[in-house]
**Student:** 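Below are the structure tokens for one structure; questions will follow.
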Amino acid sequence: MNKRLNSEKSGSFPRFGRRRSKRELETGSFKLKGLNPKVCGKNQNPVELFWKSDLNHDQILEKVVQFIEKLASGQDKSKAPEIPNFVESFLKMVESRIATYEQSEASAKLGFNEEYTSFFEAVSCLSKIVNTLDEFPFDSATTSCFNRAGSVHHRAMLLSEYQFLALLDISKRNCNVTVDSKTPKTPKQSFFNSNQGTDRCVKPEYDSGTGIVFPYFPPQSVANMNQVALAMISAGYEEECFIVYSGLRLKALDFEFSNQGYENVNMEDFQSMDWESMEGEIDNWIHIVKYCTTNLFSVERKLCNSVFPEHSLIAQKLFCDLATSLTIRLLNFPNAIVLIKQYSAEKLFKFLDIYETLRDLTSSLGSELSALDLISETSETQRRVGEAAVTIFCQLENSIKSDNGRIPVASGAVHPLTRYTMNYLKYACEYKDTLELVFQQHYETEGSTRRKVQKQESKNAIEDNDRIPKTSHFSVKLMMVMDLLDAKIEMKSKFYRDPALRYIFLMNNGRYILQKIKGSTDIDEIMGPSWSGKRTSDLRQYHKNYQRETWRKVLQCLNHEGLQTNGKVSKAILKGRFKNFNTLFDEIHKTQSIWMVSDEQLKSELRVSISAVVIPAYRSFLGRFKSHFDSGKKAEKYIKYQPEDIEGLIDKLFEGNMTSMGRRRHKKET
């Protein structure tokens, strides 16, 4: 320790003030090598080794201040000033205090409160003596005083630097205190959530105005740092001050990253990592970035401002340097992820989470000039992630286009492609604002794509007066996806050999899409009321087509015309009509009870509409022609159902009885 404090930096004369003195530059002769403090005896006061005076500390300091003011104000600077004896007493007094501190334990170098203030007042006077004497011609007495003051002052600065390091080095303190409830929970105790004084633990200090916690430095420690930093900067030792501050704060922040469970992941790790593991890494990265934006950066900025309140530009620069070091490390993660090109469509949402996290990170860096380069770098990474998100979203289009399966979905149910696409779009629209921004940035760099967007916008404006003519980029992309899905479902419906089942399939998928659209305010606003109206109209047409394909022949059996021969009802024809009705109805019930209509409202609408046309027609036909049959078993052979029976069987249609369907395969479907 003594060797450290009493050794001068290689090849340099101690600096006093913001410039080196002319005498220093010309001679460069004064060296501190070999200068060591004397060692006191066991029962001896260290101060007695160096200095004895009839004046106390305050009296000497007052006289020195008056001497400096006299030199600075009215002293003739053409001749060397007279150096009073109390200046030498003052130098001995300061030197003795330095010697005392050099022999003290590290945790008690300079003490606190009045002792701290008193020491740095003396150091300030030392700086003023050296700077003031440098303005005068030198004689032997002035030279001796100048070199003597320089020697003491340099030792004071070395001691200050060591003290600054000791105050900042929180890694040597192991206090455990209550964790701030606003800080993200982690499995490890964060020493950023610990209040650590120089030699004792204290409770966390809260700023009532901002809610920012200073859990790792008590106010007195911060005040002491400020005094040391101010003294070092005033004496021209700002570089040493900044190096100590930046080095130890960066070390502390790196340690906090480890406490939060964050470790660097390189490109090779990503290449061999499965998606589940990568999701965990992404979540961990998002956590640490949010921790920085909501906690670390704000606390670190406040610490800089508190340690360097008299030098706002310095505080700003130090904070930006620290933020840059951490941010570049954080940016390595998304920059590595975007280099991996093979991502399926469902990975989009993690990329959007990363994009939003980078956006918040950029906002937290502020708008200072010193942070512009860092903000630019962060924005560029954000743009790369956005481009990756656009590419991934386009995989949805590719997945729709490439779904060329020719086997129809059993029972006419909702196609898996429809479910996947609509759920994907519904979830994607929860990121609507982010996707708007992502696609806007993408199209700004894609001229040809922009022309396609404009063409689509014009088309939308002509076809749909309810839509806003200036459609957003993401909205255009979403409508293109919907058009692709519609075309694909229409194509797949043609794989059904039974036309009625084809329309059930179209109704199921159309109703599912419409319900998903109405269930998402964002998608509904994008597609517009005319789109929903057109889809509703399409569904009604599918419904009519289904009824025509399924029940037309049944209703023909119940037609009153064509039953008479020679003016009388032909029993043979009448029997044939009832027999055909029973056969057709049985076949329809057998087949369509295993067809699936999952939407309860659509199922009810279908049953009601069927009942509305079939039951009245059957009741009328039965009521008019039942009397032509003799009562008994012969009548039951042809009149198999009562109207109530028909209604009950209709209510069993479209239940999707998978057990029955598994046992028998409808011949018309395949």
Side-chain angles (χ1 to χ4, degrees), residues 411-412 493-494 496-507 540-597 602-657 660-661 663-670:
S411 307
S493 71
K494 297 177 181 179
Y496 291 95
R497 296 181 181 180
D498 187 337
L501 184 56
R502 174 175 182 261
Y503 291 118
I504 289 293
F505 173 77
L506 289 171
M507 275 190 284
R540 285 197 295 266
Q541 188 60 48
Y542 296 151
H543 191 151
K544 291 178 181 179
N545 293 345
Y546 159 77
Q547 282 193 322
R548 184 182 67 250
E549 293 292 340
T550 301
W551 300 101
R552 180 181 57 186
K553 293 181 180 179
V554 174
L555 293 175
Q556 287 176 351
C557 295
L558 303 177
N559 194 336
H560 292 198
E561 297 179 359
L563 292 173
Q564 294 185 355
T565 303
N566 300 323
K568 294 183 180 180
V569 174
S570 171
K571 285 189 176 181
I573 297 176
L574 184 62
K575 290 178 182 179
R577 290 283 188 92
F578 272 105
K579 186 176 181 180
N580 287 339
F581 173 84
N582 293 336
T583 301
L584 289 172
F585 187 82
D586 285 346
E587 182 65 20
I588 290 171
H589 176 262
K590 176 183 177 182
T591 301
Q592 297 193 15
S593 63
I594 64 174
W595 288 2
M596 170 64 72
V597 177
L602 177 60
K603 185 189 298 184
S604 175
E605 290 173 357
L606 284 167
R607 290 170 175 172
V608 168
S609 67
I610 293 169
S611 297
V613 296
V614 174
I615 293 175
Y618 185 75
R619 182 178 282 114
S620 174
F621 190 83
L622 182 64
R624 182 173 178 178
F625 300 108
K626 181 179 181 181
S627 60
H628 293 276
F629 291 96
D630 297 331
S631 59
K633 292 185 178 180
K634 288 187 177 181
E636 292 177 357
K637 180 179 179 181
Y638 298 102
I639 305 175
K640 187 175 180 179
Y641 299 109
Q642 295 299 316
E644 295 77 13
D645 300 328
I646 298 294
E647 185 175 10
L649 292 172
I650 289 174
D651 284 342
K652 293 181 180 180
L653 298 178
F654 317 119
E655 286 292 343
N657 189 328
S660 299
M661 186 176 66
R663 288 198 301 263
R664 58 177 183 265
R665 185 181 175 187
H666 186 233
K667 63 181 179 181
K668 291 184 180 181
E669 186 174 336
T670 57

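Here, residue 1 is the first one in the sequence, and each next residue gets the next number.
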**Student:** Does a side-chain heavy-atom distance below 4.5 Å link Tyr496 with Ile504?
**Tutor:**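 Side-chain contact under 4.5 Å: no.
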**Student:** Any idea how Phe578 and Phe629 line up, ring-wise: parallel (<30°), tilted (30 to 60°), or perpendicular (>60°)?
**Tutor:**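 Rings of Phe578 and Phe629: perpendicular, over 60°.
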**Student:** Kindly compute the distance separating CD (Glu644) from CG (Leu649), expressed to the nearest 0.5 Å.
**Tutor:**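 Separation between the atoms: 11.5 Å.
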**Student:** With under 30° as parallel and over 60° as perpendicular, where do the rings of Phe621 and Phe625 fit, or are they tilted in between?
**Tutor:**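 Answer is tilted, since the angle falls between 30° and 60°.
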**Student:** Of Gln541, His543, Glu549, Gln547, which meets side-chain hydrogen bond (donor to acceptor under 3.5 Å, both in side chains) against Asn545?
**Tutor:**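 Only match with Asn545 under side-chain hydrogen bond (donor to acceptor under 3.5 Å, both in side chains): Gln541.
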**Student:** Which pair of non-hydrogen atoms, one from Ala500 and one from Tyr546, has the smallest distance, and what is that distance?
**Tutor:**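 Heavy-atom minimum between the residues: O-CD1, 3.8 Å.
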**Student:** Nearest 0.5 Å, please: how far is CD1 in Ile646 from NZ in Lys640?
**Tutor:**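 Those atoms lie 9.5 Å apart.
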**Student:** Rounded to the nearest 0.5 Å, how far does CG of Asp645 lie from CD1 of Ile650?
**Tutor:**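 Answer rounded to 0.5 Å: 11.0 Å.
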**Student:** Please give me the minimum heavy-atom distance between Thr565 and Ser570, naming the atom from each residue.
**Tutor:**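 So the minimum-distance heavy-atom pair works out to OG1-CB, 3.7 Å.
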**Student:** Would you tabulate the side-chain donor-acceptor contacts of residues 551-559 under 3.5 Å, counting partners in other chains and residues two or more places apart, or write 'none'?
**Tutor:**
residue, atom, partner, partner atom, Å
Asn559, OD1, Glu561, N, 3.1

**Student:** Using modelled atom types only, decide if a donor and an acceptor are shared between the side chain of Asp651 and the backbone of Arg607 within a distance under 3.5 Å.
**Tutor:**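 Such a contact is absent between Asp651 side chain and Arg607 backbone.
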**Student:** Answer yes if the side chains of Arg577 and Asn580 hold a donor-acceptor pair under 3.5 Å, and no otherwise.
**Tutor:**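 There is no such pair (donor and acceptor under 3.5 Å, judged by atom type) between the side chains of Arg577 and Asn580.
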**Student:** With a 4.5 Å limit on heavy-atom distance, are the side chains of Glu655 and Lys603 in contact?
**Tutor:**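 Yes, their side chains come closer than 4.5 Å.
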**Student:** With distance as the sole test, does Tyr618 use its side chain to make a donor-acceptor pair with the main-chain N or O of Tyr641 at under 3.5 Å?
**Tutor:**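 Checked: pair present.
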**Student:** Mind checking the CG-NZ spacing from Leu574 to Lys579? Nearest 0.5 Å is all I need.
**Tutor:**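 It is 13.5 Å, given to the nearest 0.5 Å.
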**Student:** Just by modelled atom types, is the Arg502 backbone N or O under 3.5 Å from a matching donor or acceptor in the Ser493 side chain?
**Tutor:**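 No; judged by distance alone, with no hydrogens or angles, the pair does not exist.
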**Student:** Answer yes or no: is there a donor N or O on one side and an acceptor on the other, between the side chain of Ser620 and the main chain of Pro616, under 3.5 Å?
**Tutor:**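 It does not hold such a pair.
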**Student:** Run Leu606 and Leu653 through side-chain contact (heavy atoms from CB on, under 4.5 Å) and show every step you take.
**Tutor:** CA-CA 9 Å; Leu606 284 167; Leu653 298 178; over 6 Å; no
**Student:** Let me see the working for Gln642 and Leu622 under side-chain contact (heavy atoms from CB on, under 4.5 Å), right down to the final yes or no.
**Tutor:** CA-CA 8 Å; Gln642 295 299 316; Leu622 182 64; 3.8 Å; yes
**Student:** Ignoring hydrogens and geometry, is there a side-chain-to-backbone donor-acceptor pair from Thr591 to Ile588 under 3.5 Å?
**Tutor:**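 Here the side-chain-to-backbone pair does not exist.
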**Student:** Mind checking the NE2-OH spacing from His628 to Tyr638? Nearest 0.5 Å is all I need.
**Tutor:**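 Here the rounded value is 15.0 Å.
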**Student:** Quick one: list whatever passes salt bridge (Lys or Arg N to Asp or Glu O under 4.0 Å) with Glu647, sequence neighbours left out.
**Tutor:**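 None.
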**Student:** To the nearest 0.5 Å, what is the distance between CZ (Arg619) and CD1 (Ile615)?
**Tutor:**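 One finds 6.5 Å between CZ of Arg619 and CD1 of Ile615.
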**Student:** Phe654 versus Ile610: any side-chain heavy-atom pair under 4.5 Å?
**Tutor:**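 Touching, per the 4.5 Å side-chain cut-off.
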**Student:** If the condition is side-chain contact (heavy atoms from CB on, under 4.5 Å), which residues does Arg624 pass it with, not counting sequence neighbours?
**Tutor:**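 Scan of Arg624 (side-chain contact (heavy atoms from CB on, under 4.5 Å), adjacent residues dropped) gives His560.
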